[in-house]
Q: 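So that we are looking at the same thing, I have put the structure below in structure tokens.
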Amino acid sequence: RVNAIKDEINRFLIEGGYKEGEIEALPAFMEHKPVTEAETEIFNQACADYQYPLGTPVDVAARETATSTDYEFSAKSTAADGTETTATIYVTVAKTQDAKPEFTQVIR
């Protein structure tokens, strides 16, 4: 994520009105569908180093930008009290050679 920080901060500043400039409008995520084996592998690679278990992905939506493919996963997991819960997990894969999936955000 360190390599992407400059662009992400720039987007944040422009979107928030703190800085003048133009940025690519992000497209909406496509409709959610059940995850494939390949998408599960993307999820697992991106989330392997996260300090807490993020669960099992059950469905996913994707979007293409000029620089990446972004994924919005819904993942089922078990909360600390034993109840089943769903989290939204965001992952990005840059369109550069040898890019690896990167975890970006979890919403519980």
Side-chain angles (χ1 to χ4, degrees):
R1 302 294 319 136
V2 172
N3 293 335
I5 196 77
K6 179 181 172 193
D7 292 336
E8 290 178 9
I9 290 173
N10 189 55
R11 170 177 286 284
F12 171 81
L13 293 173
I14 292 171
E15 284 179 337
Y18 302 106
K19 176 181 174 182
E20 288 189 26
E22 293 184 20
I23 52 173
E24 170 192 14
L26 293 175
F29 282 96
M30 304 300 278
E31 186 174 329
H32 275 251
K33 61 176 186 58
V35 294
T36 64
E37 284 185 38
E39 291 161 338
T40 298
E41 183 58 26
I42 289 169
F43 178 91
N44 290 338
Q45 285 180 25
C47 300
D49 293 334
Y50 193 71
Q51 64 188 26
Y52 302 108
L54 291 171
T56 303
V58 291
D59 62 50
V60 64
R63 70 177 174 200
E64 295 288 328
T65 71
T67 59
S68 66
T69 301
D70 301 329
Y71 297 90
E72 180 184 69
F73 289 94
S74 293
K76 296 280 186 195
S77 63
T78 303
D81 65 3
T83 59
E84 186 176 276
T85 186
T86 302
T88 302
I89 314 294
Y90 292 93
V91 170
T92 189
V93 182
K95 292 183 177 177
T96 57
Q97 187 174 10
D98 299 327
K100 294 181 174 143
E102 297 179 273
F103 166 84
T104 61
Q105 183 179 19
V106 58
I107 300 173
R108 296 188 190 266

Q: Looking at residues at least two apart in the chain, or sitting in another chain, which of them share a side-chain hydrogen bond (donor to acceptor under 3.5 Å, both in side chains) with T65?
A: S68

Q: Please list all pairs meeting salt bridge (charged side-chain N to carboxylate O under 4.0 Å, His left out) that have one or both residues in residues 26-36, counting only residues at least two apart or in different chains.
A: K33-E39

Q: From T78 OG1 over to E84 CD, what is the distance, rounded to the nearest 0.5 angstrom?
A: 6.5 Å

Q: Tell me every residue that passes side-chain hydrogen bond (donor to acceptor under 3.5 Å, both in side chains) with T83, counting only those two or more places apart in sequence or in another chain.
A: D81

Q: Please list, chain by chain and in numerical order, all residues satisfying salt bridge (Lys or Arg N to Asp or Glu O under 4.0 Å) with R108, sequence neighbours excluded.
A: none

Q: Check side-chain hydrogen bond (donor to acceptor under 3.5 Å, both in side chains) between E64 and all other residues, then give those that pass, not counting sequence neighbours.
A: T69, K95

Q: Checking E72 now: which residues fulfil salt bridge (Lys or Arg N to Asp or Glu O under 4.0 Å) with it, not counting sequence neighbours?
A: none

Q: Considering only distance and modelled atom types, tabulate donor-acceptor pairs under 3.5 Å from the side chains of residues 49-62, sequence neighbours left out.
A:
unit_1 : atom_1 : unit_2 : atom_2 : d
D59    : OD1    : H32    : ND1    : 2.6
D59    : OD1    : S74    : OG     : 3.0

Q: Taking side chain to side chain contact (heavy atoms under 4.5 Å, CB included) as the definition, give me every residue that meets it alongside T85, ordered by chain and number, with sequence neighbours left out.
A: S77, A79

Q: For T86, check side-chain hydrogen bond (donor to acceptor under 3.5 Å, both in side chains) against everything at least two apart and list the hits.
A: K76

Q: Who clusters with F29? Use side-chain heavy atoms, under 4.5 angstrom, across I, L, V, M, F, W and Y, and order the result by chain and number.
A: Y90, I107

Q: Can you sort out the partners of F73 under ring-ring contact (aromatic ring centres under 6.0 Å, His included), two or more places apart, ordered by chain and number?
A: F43, Y71

Q: So how far is it from D70 CG to M30 CE, rounded to the nearest 0.5 Å?
A: 13.5 Å

Q: Could you tabulate the donor-acceptor pairs under 3.5 Å formed by side-chain atoms of residues 15-25, not counting sequence neighbours?
A:
unit_1 : atom_1 : unit_2 : atom_2 : d
E15    : OE2    : R11    : NH1    : 3.0
K19    : NZ     : N10    : OD1    : 2.3
E24    : OE2    : A66    : N      : 3.4

